[in-house]
Amino acid sequence: MLSAEMAAALNRHLNTELYSAQLYLSMSSYANFLGLKGAANWFMVQYQEEMVHFTRFYDYINSQGEHVRLGSLDAPPSEFASLLAMFQKTLEHETYITKCINELTELAVKERDHATQIFLQWFITEQIEEEENDRAIIGKLKLVGDNGYGLLMIDNELGTRVFTPPPATGQAP
Ligand code: FEO
């Protein structure tokens, strides 16, 4: 069972995960518009992963006898200065998400809500990986700068990212 404060906080974050999905969907489309098919694939996979995150919150809130409250979302940006700008925005957003997850965890600790602490553990680990991946790509993009061949190589690499669907039980990997 969730406290009213925890249920509200989890619902807020569920909506933030949905915004994350929309942000990366927008980036995928813009990368495609620029002819960067690999980056478009990378951001589409990121969109799919965010929908898994959203579903994890959805399932958890429901499993605790609560129900989901969807809110209106701000429209994500639809144009970006460069591929580097897209990944910088991604890292900035993921750093914000890490802060949100930490705040949710602090609330769960304060309330001695052990179930929610365990639920959030997966996200703490996931955020380390997300930020690390973004930093690695930003590093490569800074290295190649405006070099077209270098950008093409990175775009090819981004095109190899594959979405792994969660197991059929509804639990994300
Ligand atoms: Fe759902 Fe990228 O954090």
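Quick note: numbers below take in every heavy atom, side chains included, and nothing from hydrogens, waters or symmetry partners. Both ligands and their constituent atoms are indexed starting at 1 by order of listing.
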Checklist entry - Closest to atom 1 (Fe) of ligand 1, which N/O/S atom of Glu17 is it? => result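 That would be atom OE1.
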Next on the checklist: To make sure I understand the geometry: which N, O or S atom in His53 is closest to atom 1 (Fe) of ligand 1?
Outcome noted: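 That would be atom ND1.
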Item to check | Leu151 side chain near Leu141 side chain, heavy-atom distance below 4.5 Å | outcome: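 Yes. Closest side-chain heavy atoms under 4.5 Å.
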Checklist entry - Hey, is CZ on Phe33 packed in by over 12 heavy atoms from elsewhere, all under 6.0 Å? => result no
Checklist entry - Does Asp113 use its side chain to pair, donor to acceptor, with the backbone of Ala108 at less than 3.5 Å? => result no
Next on the checklist: Could you check whether any side-chain N or O of Gln127 sits under 3.5 Å from a backbone N or O of Glu94, counting only pairs where one atom can act as donor and the other as acceptor?
Outcome noted: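 Side chain of Gln127 to backbone of Glu94: a pair is present.
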Taking 2.8 Å as the cut-off, does an N/O/S atom of [X] lie below it from atom 2 (Fe) of ligand 1?
{"X": "Glu50", "value": "yes"}
{"X": "Glu130", "value": "yes"}
{"X": "Glu49", "value": "no"}

Checklist entry - Taking the six-membered ring for Trp, are Phe57 and His13 parallel (under 30°), tilted (30 to 60°) or perpendicular (over 60°)? => result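 Plane angle between 30° and 60°, so tilted.
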